[in-house]
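Accompanying notes for the structure given below.
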Amino acid sequence: MRVVFKTSYNRDIDLHEHGQSRGKIALLAAIMIALPFLVGDYYLAEAANTLIWALAGMGLMVAVGHTGQVSLGHAAFLAIGAYADSALMNAGLPFVISFPVAGLITGLFGALIAVPAVRMSGIYLAIATLAVFAIVEELVILLEPITGGVGGIMAPSITILGISFDRYGALDHFYWLCLAIVALVTWGYANLMRSPTGRSFLAVRDSEVSARALGINVTRTRALAFGLSSGVTGLAGALMGHYIGFFNYELFSIFISINLLLVVTIGGLGFIQGAFLGAILITAVPQLISIMRDNLVSVGIDLSGIPGLDTMIFSLILIGFIIYEPTGLYGRWLKIRTWFEIFPLARKDMFRRQKSYLKTERMR
(Lines give C-alpha, C1' and ligand atoms only; values in the text may rest on other atoms or scores of the structure.)
Protein backbone atom coordinates (compact mmCIF):
# COMPACT_ATOMS: atom_id res chain seq x y z
CA MET A 1 0.00 0.00 0.00
CA ARG A 2 1.48 3.31 -1.10
CA VAL A 3 1.72 6.08 1.51
CA VAL A 4 2.13 9.63 0.18
CA PHE A 5 4.15 11.90 2.49
CA LYS A 6 3.04 15.49 1.89
CA THR A 7 5.43 18.28 2.72
CA SER A 8 3.46 21.30 1.46
CA TYR A 9 -0.09 22.47 0.90
CA ASN A 10 0.57 22.43 -2.84
CA ARG A 11 0.51 18.64 -2.71
CA ASP A 12 -3.09 18.79 -1.47
CA ILE A 13 -4.24 20.68 -4.54
CA ASP A 14 -2.07 18.79 -7.02
CA LEU A 15 -4.10 17.05 -9.72
CA HIS A 16 -1.89 13.97 -9.42
CA GLU A 17 -1.47 12.21 -6.10
CA HIS A 18 2.17 11.28 -6.73
CA GLY A 19 4.77 11.10 -9.48
CA GLN A 20 3.84 7.55 -10.43
CA SER A 21 0.31 8.68 -11.26
CA ARG A 22 1.69 11.47 -13.43
CA GLY A 23 3.94 8.97 -15.18
CA LYS A 24 1.02 6.64 -15.96
CA ILE A 25 -0.92 9.50 -17.53
CA ALA A 26 2.11 10.49 -19.61
CA LEU A 27 2.59 6.89 -20.79
CA LEU A 28 -1.09 6.57 -21.72
CA ALA A 29 -0.96 9.88 -23.61
CA ALA A 30 2.14 8.73 -25.52
CA ILE A 31 0.42 5.48 -26.53
CA MET A 32 -2.71 7.31 -27.66
CA ILE A 33 -0.67 9.81 -29.69
CA ALA A 34 1.26 7.00 -31.37
CA LEU A 35 -1.87 4.93 -32.09
CA PRO A 36 -2.18 5.96 -35.80
CA PHE A 37 1.26 4.42 -36.39
CA LEU A 38 0.31 1.19 -34.61
CA VAL A 39 -3.12 0.24 -36.01
CA GLY A 40 -4.97 0.36 -39.32
CA ASP A 41 -7.64 2.79 -40.43
CA TYR A 42 -10.54 0.62 -39.23
CA TYR A 43 -9.35 0.42 -35.63
CA LEU A 44 -8.23 4.05 -35.70
CA ALA A 45 -11.76 5.09 -36.73
CA GLU A 46 -13.15 3.01 -33.86
CA ALA A 47 -10.70 4.71 -31.47
CA ALA A 48 -11.89 8.14 -32.66
CA ASN A 49 -15.50 7.02 -32.17
CA THR A 50 -14.65 5.86 -28.64
CA LEU A 51 -13.12 9.25 -27.83
CA ILE A 52 -16.28 11.01 -29.03
CA TRP A 53 -18.46 8.75 -26.88
CA ALA A 54 -16.16 9.36 -23.91
CA LEU A 55 -16.57 13.12 -24.39
CA ALA A 56 -20.36 12.73 -24.48
CA GLY A 57 -20.15 10.47 -21.43
CA MET A 58 -18.24 13.13 -19.50
CA GLY A 59 -20.98 15.59 -20.41
CA LEU A 60 -23.69 13.35 -19.03
CA MET A 61 -21.52 12.44 -16.02
CA VAL A 62 -21.67 16.06 -14.82
CA ALA A 63 -25.46 15.84 -14.60
CA VAL A 64 -26.02 12.22 -13.56
CA GLY A 65 -22.86 11.22 -11.73
CA HIS A 66 -21.94 14.45 -9.95
CA THR A 67 -25.26 16.22 -9.35
CA GLY A 68 -27.71 13.29 -9.38
CA GLN A 69 -29.88 14.61 -12.25
CA VAL A 70 -31.24 11.79 -14.38
CA SER A 71 -31.54 12.71 -18.06
CA LEU A 72 -33.13 10.70 -20.86
CA GLY A 73 -32.83 13.43 -23.48
CA HIS A 74 -29.12 14.14 -23.87
CA ALA A 75 -29.28 13.00 -27.49
CA ALA A 76 -31.04 16.33 -28.09
CA PHE A 77 -27.90 18.21 -27.02
CA LEU A 78 -25.78 16.02 -29.29
CA ALA A 79 -28.09 17.05 -32.13
CA ILE A 80 -27.92 20.75 -31.25
CA GLY A 81 -24.13 20.67 -31.16
CA ALA A 82 -23.88 18.82 -34.48
CA TYR A 83 -26.36 21.05 -36.32
CA ALA A 84 -25.00 24.28 -34.82
CA ASP A 85 -21.40 23.47 -35.75
CA SER A 86 -22.28 22.39 -39.32
CA ALA A 87 -24.59 25.38 -39.87
CA LEU A 88 -21.95 27.85 -38.67
CA MET A 89 -19.29 26.27 -40.88
CA ASN A 90 -21.66 26.33 -43.87
CA ALA A 91 -22.15 30.05 -43.13
CA GLY A 92 -18.41 30.60 -43.56
CA LEU A 93 -17.00 30.37 -40.03
CA PRO A 94 -13.86 28.27 -39.50
CA PHE A 95 -13.94 25.19 -37.26
CA VAL A 96 -11.87 26.82 -34.51
CA ILE A 97 -14.71 29.33 -34.04
CA SER A 98 -17.78 27.28 -34.93
CA PHE A 99 -16.83 24.39 -32.64
CA PRO A 100 -16.66 26.30 -29.31
CA VAL A 101 -19.63 28.46 -30.35
CA ALA A 102 -21.66 25.29 -30.99
CA GLY A 103 -20.81 24.10 -27.47
CA LEU A 104 -21.74 27.52 -26.06
CA ILE A 105 -25.09 27.52 -27.90
CA THR A 106 -25.86 24.03 -26.61
CA GLY A 107 -24.85 24.97 -23.06
CA LEU A 108 -27.02 28.09 -23.07
CA PHE A 109 -29.96 26.11 -24.41
CA GLY A 110 -29.45 23.49 -21.71
CA ALA A 111 -29.19 26.15 -19.00
CA LEU A 112 -32.44 27.81 -20.15
CA ILE A 113 -34.21 24.46 -20.16
CA ALA A 114 -32.72 23.64 -16.77
CA VAL A 115 -34.13 26.70 -14.98
CA PRO A 116 -37.66 25.22 -14.77
CA ALA A 117 -36.65 21.57 -15.19
CA VAL A 118 -34.19 21.27 -12.30
CA ARG A 119 -36.93 22.12 -9.82
CA MET A 120 -38.07 18.56 -10.48
CA SER A 121 -36.19 15.43 -9.49
CA GLY A 122 -36.16 11.71 -10.04
CA ILE A 123 -38.49 10.28 -12.64
CA TYR A 124 -40.16 13.66 -13.20
CA LEU A 125 -36.86 15.22 -14.32
CA ALA A 126 -36.22 12.23 -16.60
CA ILE A 127 -39.63 12.70 -18.24
CA ALA A 128 -38.99 16.44 -18.63
CA THR A 129 -35.67 15.81 -20.43
CA LEU A 130 -37.43 13.26 -22.63
CA ALA A 131 -39.95 15.97 -23.56
CA VAL A 132 -37.05 18.30 -24.42
CA PHE A 133 -35.70 15.62 -26.75
CA ALA A 134 -39.06 15.43 -28.55
CA ILE A 135 -39.18 19.24 -28.88
CA VAL A 136 -35.67 19.43 -30.34
CA GLU A 137 -36.50 16.66 -32.80
CA GLU A 138 -39.46 18.66 -34.10
CA LEU A 139 -37.42 21.88 -34.21
CA VAL A 140 -34.83 20.19 -36.41
CA ILE A 141 -37.56 19.39 -38.94
CA LEU A 142 -39.14 22.85 -38.75
CA LEU A 143 -35.83 24.71 -39.19
CA GLU A 144 -35.26 23.15 -42.59
CA PRO A 145 -33.28 26.09 -44.12
CA ILE A 146 -30.65 25.63 -41.39
CA THR A 147 -30.80 21.93 -40.56
CA GLY A 148 -31.83 20.46 -43.90
CA GLY A 149 -35.00 19.10 -42.36
CA VAL A 150 -35.76 15.45 -43.01
CA GLY A 151 -33.14 15.29 -45.75
CA GLY A 152 -30.28 16.05 -43.40
CA ILE A 153 -27.12 18.14 -43.64
CA MET A 154 -23.53 17.57 -44.69
CA ALA A 155 -20.81 18.31 -42.15
CA PRO A 156 -18.10 20.40 -43.91
CA SER A 157 -14.50 19.23 -43.92
CA ILE A 158 -12.32 20.59 -41.13
CA THR A 159 -9.28 22.66 -42.11
CA ILE A 160 -7.04 24.38 -39.56
CA LEU A 161 -4.05 26.47 -40.70
CA GLY A 162 -4.19 24.79 -44.09
CA ILE A 163 -4.07 21.28 -42.57
CA SER A 164 -6.97 18.96 -43.37
CA PHE A 165 -8.70 17.12 -40.53
CA ASP A 166 -11.25 15.38 -42.72
CA ARG A 167 -12.68 12.17 -41.30
CA TYR A 168 -12.21 10.25 -44.54
CA GLY A 169 -9.36 12.12 -46.20
CA ALA A 170 -7.05 12.53 -43.17
CA LEU A 171 -8.25 10.09 -40.51
CA ASP A 172 -5.06 10.29 -38.44
CA HIS A 173 -5.36 14.08 -38.21
CA PHE A 174 -9.04 13.80 -37.24
CA TYR A 175 -8.13 11.28 -34.53
CA TRP A 176 -5.45 13.59 -33.11
CA LEU A 177 -7.96 16.45 -33.12
CA CYS A 178 -10.48 14.36 -31.15
CA LEU A 179 -7.72 13.25 -28.76
CA ALA A 180 -6.61 16.84 -28.11
CA ILE A 181 -10.18 18.03 -27.45
CA VAL A 182 -10.94 15.11 -25.13
CA ALA A 183 -7.67 15.60 -23.22
CA LEU A 184 -8.38 19.33 -22.77
CA VAL A 185 -11.95 18.72 -21.59
CA THR A 186 -10.79 15.96 -19.22
CA TRP A 187 -8.17 18.26 -17.70
CA GLY A 188 -10.76 21.00 -17.22
CA TYR A 189 -13.30 18.55 -15.81
CA ALA A 190 -10.82 17.15 -13.27
CA ASN A 191 -9.90 20.64 -12.08
CA LEU A 192 -13.56 21.68 -11.95
CA MET A 193 -14.38 18.88 -9.53
CA ARG A 194 -11.63 20.10 -7.17
CA SER A 195 -12.99 23.65 -7.17
CA PRO A 196 -15.71 25.09 -4.88
CA THR A 197 -18.17 24.78 -7.78
CA GLY A 198 -17.41 21.08 -8.20
CA ARG A 199 -17.73 20.49 -4.46
CA SER A 200 -21.13 22.21 -4.53
CA PHE A 201 -22.18 19.76 -7.26
CA LEU A 202 -21.28 16.85 -4.99
CA ALA A 203 -23.04 18.44 -2.02
CA VAL A 204 -26.26 18.83 -3.98
CA ARG A 205 -25.97 15.25 -5.22
CA ASP A 206 -25.48 13.80 -1.74
CA SER A 207 -28.14 15.80 0.11
CA GLU A 208 -30.04 18.86 -1.03
CA VAL A 209 -31.12 19.61 2.54
CA SER A 210 -27.53 19.62 3.79
CA ALA A 211 -26.43 21.70 0.78
CA ARG A 212 -29.04 24.35 1.57
CA ALA A 213 -27.91 24.35 5.19
CA LEU A 214 -24.39 25.13 3.97
CA GLY A 215 -25.67 28.14 2.01
CA ILE A 216 -25.57 26.57 -1.47
CA ASN A 217 -28.18 27.77 -3.94
CA VAL A 218 -29.42 24.34 -5.05
CA THR A 219 -31.45 25.54 -8.05
CA ARG A 220 -28.63 27.66 -9.44
CA THR A 221 -26.08 24.90 -8.87
CA ARG A 222 -28.18 22.28 -10.63
CA ALA A 223 -28.90 24.66 -13.52
CA LEU A 224 -25.17 25.42 -13.86
CA ALA A 225 -24.33 21.72 -13.82
CA PHE A 226 -26.98 20.95 -16.41
CA GLY A 227 -25.75 23.78 -18.62
CA LEU A 228 -22.15 22.54 -18.42
CA SER A 229 -23.34 19.01 -19.10
CA SER A 230 -25.26 20.18 -22.17
CA GLY A 231 -22.30 22.21 -23.45
CA VAL A 232 -19.81 19.33 -23.25
CA THR A 233 -22.36 17.00 -24.86
CA GLY A 234 -22.82 19.57 -27.62
CA LEU A 235 -19.07 19.49 -28.32
CA ALA A 236 -19.29 15.71 -28.63
CA GLY A 237 -22.24 16.13 -30.99
CA ALA A 238 -20.22 18.47 -33.22
CA LEU A 239 -17.41 15.91 -33.47
CA MET A 240 -19.94 13.14 -34.05
CA GLY A 241 -21.40 15.08 -36.98
CA HIS A 242 -17.96 15.35 -38.58
CA TYR A 243 -17.30 11.68 -37.83
CA ILE A 244 -20.51 10.57 -39.60
CA GLY A 245 -20.14 13.12 -42.40
CA PHE A 246 -23.81 13.31 -43.41
CA PHE A 247 -26.58 13.10 -40.82
CA ASN A 248 -30.22 13.92 -40.13
CA TYR A 249 -32.42 13.92 -37.04
CA GLU A 250 -32.77 10.12 -37.10
CA LEU A 251 -29.12 9.74 -36.06
CA PHE A 252 -29.84 11.29 -32.64
CA SER A 253 -32.58 8.94 -31.50
CA ILE A 254 -33.72 8.02 -28.01
CA PHE A 255 -31.44 4.98 -28.20
CA ILE A 256 -28.44 7.34 -28.22
CA SER A 257 -29.64 8.75 -24.89
CA ILE A 258 -30.01 5.23 -23.52
CA ASN A 259 -26.52 4.33 -24.71
CA LEU A 260 -25.16 7.43 -22.98
CA LEU A 261 -26.79 6.31 -19.75
CA LEU A 262 -25.17 2.92 -20.27
CA VAL A 263 -21.79 4.63 -20.66
CA VAL A 264 -21.95 6.43 -17.31
CA THR A 265 -23.75 3.63 -15.43
CA ILE A 266 -21.60 0.72 -16.54
CA GLY A 267 -18.40 2.78 -16.55
CA GLY A 268 -18.93 4.01 -13.00
CA LEU A 269 -21.15 6.81 -11.73
CA GLY A 270 -19.24 9.67 -10.18
CA PHE A 271 -15.87 8.82 -11.76
CA ILE A 272 -14.37 10.62 -14.75
CA GLN A 273 -12.56 7.39 -15.61
CA GLY A 274 -15.95 5.69 -15.78
CA ALA A 275 -16.89 7.71 -18.86
CA PHE A 276 -13.90 6.29 -20.73
CA LEU A 277 -14.44 2.71 -19.58
CA GLY A 278 -18.12 2.91 -20.49
CA ALA A 279 -17.30 4.38 -23.90
CA ILE A 280 -14.86 1.56 -24.59
CA LEU A 281 -17.53 -0.99 -23.68
CA ILE A 282 -20.30 0.68 -25.69
CA THR A 283 -18.15 0.78 -28.84
CA ALA A 284 -16.38 -2.57 -28.39
CA VAL A 285 -19.41 -4.77 -27.70
CA PRO A 286 -21.03 -4.27 -31.17
CA GLN A 287 -17.71 -5.15 -32.80
CA LEU A 288 -17.34 -8.25 -30.63
CA ILE A 289 -20.90 -9.28 -31.52
CA SER A 290 -20.09 -8.91 -35.24
CA ILE A 291 -16.94 -11.00 -34.85
CA MET A 292 -18.89 -13.61 -32.89
CA ARG A 293 -21.55 -13.78 -35.61
CA ASP A 294 -18.94 -14.29 -38.33
CA ASN A 295 -17.20 -17.02 -36.36
CA LEU A 296 -20.44 -18.83 -35.59
CA VAL A 297 -21.51 -18.73 -39.25
CA SER A 298 -18.35 -20.64 -40.14
CA VAL A 299 -19.47 -23.49 -37.85
CA GLY A 300 -23.03 -23.53 -39.14
CA ILE A 301 -24.76 -21.21 -36.61
CA ASP A 302 -26.43 -18.14 -38.11
CA LEU A 303 -27.47 -15.38 -35.66
CA SER A 304 -28.14 -12.73 -38.30
CA GLY A 305 -31.84 -13.48 -38.16
CA ILE A 306 -32.14 -12.55 -34.46
CA PRO A 307 -33.45 -8.95 -34.26
CA GLY A 308 -32.26 -6.73 -31.44
CA LEU A 309 -29.35 -8.96 -30.40
CA ASP A 310 -27.14 -5.96 -29.58
CA THR A 311 -29.85 -4.35 -27.46
CA MET A 312 -30.51 -7.59 -25.61
CA ILE A 313 -26.83 -8.06 -24.75
CA PHE A 314 -26.53 -4.43 -23.60
CA SER A 315 -29.61 -4.89 -21.42
CA LEU A 316 -28.21 -8.05 -19.83
CA ILE A 317 -24.90 -6.28 -19.15
CA LEU A 318 -26.69 -3.33 -17.54
CA ILE A 319 -28.86 -5.59 -15.36
CA GLY A 320 -25.78 -7.54 -14.30
CA PHE A 321 -23.91 -4.40 -13.25
CA ILE A 322 -26.92 -2.99 -11.37
CA ILE A 323 -27.33 -6.22 -9.42
CA TYR A 324 -23.74 -7.29 -8.82
CA GLU A 325 -21.60 -4.15 -9.28
CA PRO A 326 -23.53 -0.87 -8.97
CA THR A 327 -20.27 1.12 -8.84
CA GLY A 328 -19.47 0.09 -12.43
CA LEU A 329 -16.25 -0.98 -14.09
CA TYR A 330 -14.11 1.64 -12.38
CA GLY A 331 -15.60 0.80 -9.00
CA ARG A 332 -14.70 -2.85 -9.54
CA TRP A 333 -11.15 -1.85 -10.53
CA LEU A 334 -10.78 0.20 -7.33
CA LYS A 335 -11.85 -2.81 -5.26
CA ILE A 336 -9.39 -5.12 -7.03
CA ARG A 337 -6.57 -2.61 -6.64
CA THR A 338 -7.32 -2.09 -2.95
CA TRP A 339 -7.44 -5.85 -2.35
CA PHE A 340 -3.96 -6.29 -3.81
CA GLU A 341 -2.62 -3.25 -1.94
CA ILE A 342 -3.61 -4.53 1.51
CA PHE A 343 -3.15 -8.26 0.86
CA PRO A 344 -3.05 -10.42 3.01
CA LEU A 345 -5.04 -8.19 5.36
CA ALA A 346 -8.11 -8.07 3.11
CA ARG A 347 -11.36 -9.30 4.69
CA LYS A 348 -14.14 -11.16 2.93
CA ASP A 349 -16.81 -8.53 3.69
CA MET A 350 -14.52 -5.54 3.15
CA PHE A 351 -16.39 -4.52 0.00
CA ARG A 352 -19.89 -5.13 1.25
CA ARG A 353 -22.33 -3.51 -1.15
CA GLN A 354 -23.30 0.01 -0.23
CA LYS A 355 -24.88 2.99 -1.96
CA SER A 356 -22.40 5.16 -3.82
CA TYR A 357 -24.03 8.22 -2.34
CA LEU A 358 -27.06 9.16 -0.29
CA LYS A 359 -29.82 10.92 -2.18
CA THR A 360 -32.59 12.25 -0.01
CA GLU A 361 -35.93 13.62 -1.16
CA ARG A 362 -36.79 15.07 2.23
CA MET A 363 -37.46 18.79 1.79
CA ARG A 364 -39.04 19.44 5.18
Side-chain angles (χ1 to χ4, degrees), residues 28-60 74-75 78-79 81-83 85-86 89 95-96 98-99 102-103 152-160 163-186 232-248 250-253 255-260 262-263 266-267 275-295 304 309-311 313-314:
L28 177 61
I31 294 174
M32 296 298 292
I33 292 173
L35 196 62
F37 305 104
L38 304 176
V39 300
D41 288 347
Y42 176 79
Y43 292 103
L44 187 61
E46 290 299 318
N49 187 33
T50 301
L51 288 173
I52 294 172
W53 275 96
L55 183 60
M58 283 191 288
L60 185 59
H74 256 57
L78 284 172
Y83 279 107
D85 176 71
S86 297
M89 290 188 70
F95 176 80
V96 292
S98 66
F99 180 72
I153 189 173
M154 176 71 73
S157 298
I158 302 173
T159 302
I160 303 175
I163 302 174
S164 174
F165 291 86
D166 185 68
R167 154 71 170 86
Y168 298 98
L171 179 58
D172 52 348
H173 292 173
F174 180 76
Y175 166 78
W176 282 323
L177 177 65
C178 294
L179 179 61
I181 293 172
V182 171
L184 183 61
V185 172
T186 304
V232 174
T233 307
L235 296 178
L239 289 178
M240 188 174 292
H242 289 286
Y243 179 82
I244 300 298
F246 182 85
F247 58 91
N248 61 7
E250 293 180 348
L251 173 65
F252 307 100
S253 63
F255 296 105
I256 298 296
S257 295
I258 295 174
N259 284 340
L260 275 177
L262 284 173
V263 167
I266 296 177
F276 288 89
L277 293 176
I280 293 173
L281 182 68
I282 209 74
T283 54
V285 167
Q287 304 304 322
L288 293 176
I289 293 175
S290 299
I291 295 173
M292 180 185 69
R293 281 174 173 168
D294 295 338
N295 292 334
S304 60
L309 181 62
D310 297 6
T311 304
I313 292 178
F314 279 135

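All values derive from a computational prediction rather than experimental measurement. Computed over heavy atoms, backbone and side chain alike; hydrogens, waters and symmetry mates excluded.
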Quick one: closest heavy-atom pair of Leu260 and Gly57, and the distance?
CD2-N, 4.0 Å
Specify the closest pair of heavy atoms between Pro156 and Met89, including all atoms of both residues, with the distance to one decimal.
CG-CB, 3.7 Å
How about Tyr43: does its OH atom have over 12 heavy atoms from other parts shown lying under 6.0 Å from it?
no
Going from CG on Leu78 to OH on Tyr83, what distance comes out if it is rounded to the nearest 0.5 angstrom?
12.0 Å
For the residue pair Ala54 and Ala279, what are the closest heavy atoms and their distance?
N-CB, 3.5 Å
So which pairs with a foot in residues 235-248 pass side-chain hydrogen bond (donor to acceptor under 3.5 Å, both in side chains), sequence neighbours left out?
Asp85-His242
Just how far is it from atom CG of Asn49 to atom CD1 of Ile244, taken to the nearest 0.5 Å?
7.0 Å
Pair Asp41-Tyr168, side-chain contact (heavy atoms from CB on, under 4.5 Å): steps then yes or no
CA-CA 10 Å; Asp41 288 347; Tyr168 298 98; over 6 Å; no
Which residues share a ring-ring contact (aromatic ring centres under 6.0 Å, His included) with Tyr42, sequence neighbours left out:
none
Working to the nearest 0.5 Å, report the span between OG1 of Thr159 and CZ of Phe95.
10.5 Å
Exam field: side chain Thr283 to backbone Ile280, donor-acceptor pair closer than 3.5 Å:
yes
If you measure from OG1 on Thr233 to NE2 on His74, what distance do you get to the nearest 0.5 Å?
4.0 Å
Tell me the closest heavy-atom pair linking Gly237 and Ala82, and the distance in Å.
O-CB, 3.2 Å
Identify every side-chain donor-acceptor pair in residues 172-185 under 3.5 Å, counting partners at least two apart or on other chains, and give the distances.
from	atom 1	to	atom 2	distance (Å)
His173	ND1	Ser164	O	2.9
Tyr175	OH	Met32	O	2.7
Trp176	NE1	Ile33	O	2.9

For Arg167 and Ala45, work out which heavy atoms get closest and say how close.
NH2-CB, 4.0 Å
On a heavy-atom basis, which atom in Phe247 and which in Leu251 lie closest, and how many Å separate them?
CB-CD2, 3.6 Å
Measure the spacing between CG of Leu239 and CD1 of Ile52 and express it to the nearest 0.5 Å.
5.0 Å
Reported CG-to-CG distance for the pair Leu171 and Leu44, which is rounded to 0.5 angstrom:
4.5 Å
